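Inspection log for the structure reproduced underneath, given as structure tokens.
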Amino acid sequence: RMADPVADLAQQFTSFYYNTFDGPERAGVVNIYHPQACMTFEGQKFEGQQAIGTKLLGLPFKVVKHVLTTVDIQLIPGQEAYLLMVIGQLKTDDDPPHGFSQVFTIFKINGQHVIVNDVFRLALHNG
């Protein structure tokens with residue numbers, strides 16, 4: 001296949017993010033959020049790396065596993081930046097698996113890829 005650095009970035013980023021999130025050192029994902037990053041988690045808004053870290057590290061489960069179904073990435077024109085959309089399933093503790101979607105913007109700043117925006121939703125339909 002042709003080398004596709006954007007697709008490679010999507011693979012490397014999602015592998016790092018979800019393996020770290022699901023592992024014993026979840027705090028490792030907090031470090032790749034920009035200091036002024038914005039996260040919307042199930043409709044709740046968190047601004048800044050510290051607030052995001054407090055939320056992610058305080059989630060009320062002991063064990064979590066993400067399984068990715070699709071990963072789509074687009075270059076944001078005129079920037080060293082990307083829009084990334086993930087669809088998958090996650091399982092926490094003894095709960096049944098739930099679908100989820102997560103969208104990131106990732107910017108390359110000072111040679112490092114950092115999360116600037118993160119929107120997370122469980123795929124629950126309360127119709």
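Numbers here simply count residues along the sequence, with the first being 1. All of these numbers come straight from a predicted model, not from anything done at the bench.
Linking ILVMFWY residues whenever their side-chain heavy atoms come closer than 4.5 Å, directly or via other members, places L68 and L122 in the same cluster. F100 is connected to L59 through a chain of hydrophobic side-chain contacts under 4.5 Å among Ile, Leu, Val, Met, Phe, Trp and Tyr, so both are in one cluster. Note: the hydrophobic cluster containing V67 does not contain V86 (ILVMFWY, side chain heavy atoms under 4.5 Å, direct or indirect links).
A donor-acceptor contact shorter than 3.5 Å is absent between the side chain of E80 and the backbone of K108. In this structure a side-chain-to-backbone donor-acceptor pair under 3.5 Å is missing from D118 to F104. The backbone N or O of D95 sits nowhere less than 3.5 Å from a side-chain atom of D93 that would complete a donor-acceptor pair. Between the side chain of T40 and the backbone N or O of K45 there is no donor-acceptor pair closer than 3.5 Å. For Q102 (side chain) and V119 (main-chain N/O), no donor-acceptor pair under 3.5 Å exists by modelled atom type.
The shortest side-chain heavy-atom distance between K55 and Q44 falls under the 4.5 Å cut-off. Contact of the H113 side chain with the I32 side chain is not registered, since no non-hydrogen atoms from C-beta on lie closer than 4.5 Å. Here the side chains of V64 and K91 are not in contact, with every heavy-atom distance at 4.5 Å or above. Between L56 and F120 the shortest side-chain heavy-atom distance does not fall below 4.5 Å.
Across all their heavy atoms, S101 and I87 have their closest contact at CB-CD1, 3.8 Å. Residues C38 and E47 approach most closely at SG-CG, 4.3 Å, considering heavy atoms. The two atoms that bring Y33 and Q49 nearest to each other are O-NE2, 3.0 Å, heavy atoms only. Residues A10 and V71 share a closest heavy-atom pair of CB-CG1, 4.0 Å.
Counting heavy-atom neighbours within 6.0 Å of E42 CD, excluding the residue itself, gives a total above 12. Under a cut-off of 6.0 angstrom, the local environment of CG in D94 is sparse, with at most 12 non-hydrogen atoms contributed by other residues, nucleotides or ligands.
Between H34 and F107, the ring centre distance reaches or exceeds 6.0 Å. Aromatic pair F13/Y82: ring centres not closer than 6.0 Å.
Using a 3.5 Å distance cut-off with no hydrogens or angles, the side chains of Y17 and Q12 do not pair a donor with an acceptor.
Taking OG1 of T92 as the reference point, atom CG of D22 lies at 11.0 Å (rounded to 0.5 Å). Here CD of Q74 is found 10.5 Å from CE of M85. Values are rounded to the nearest 0.5 Å.
Between L83 and the choices D72, V103, I73, the side chain to side chain contact (heavy atoms under 4.5 Å, CB included) rule is met once, by V103.
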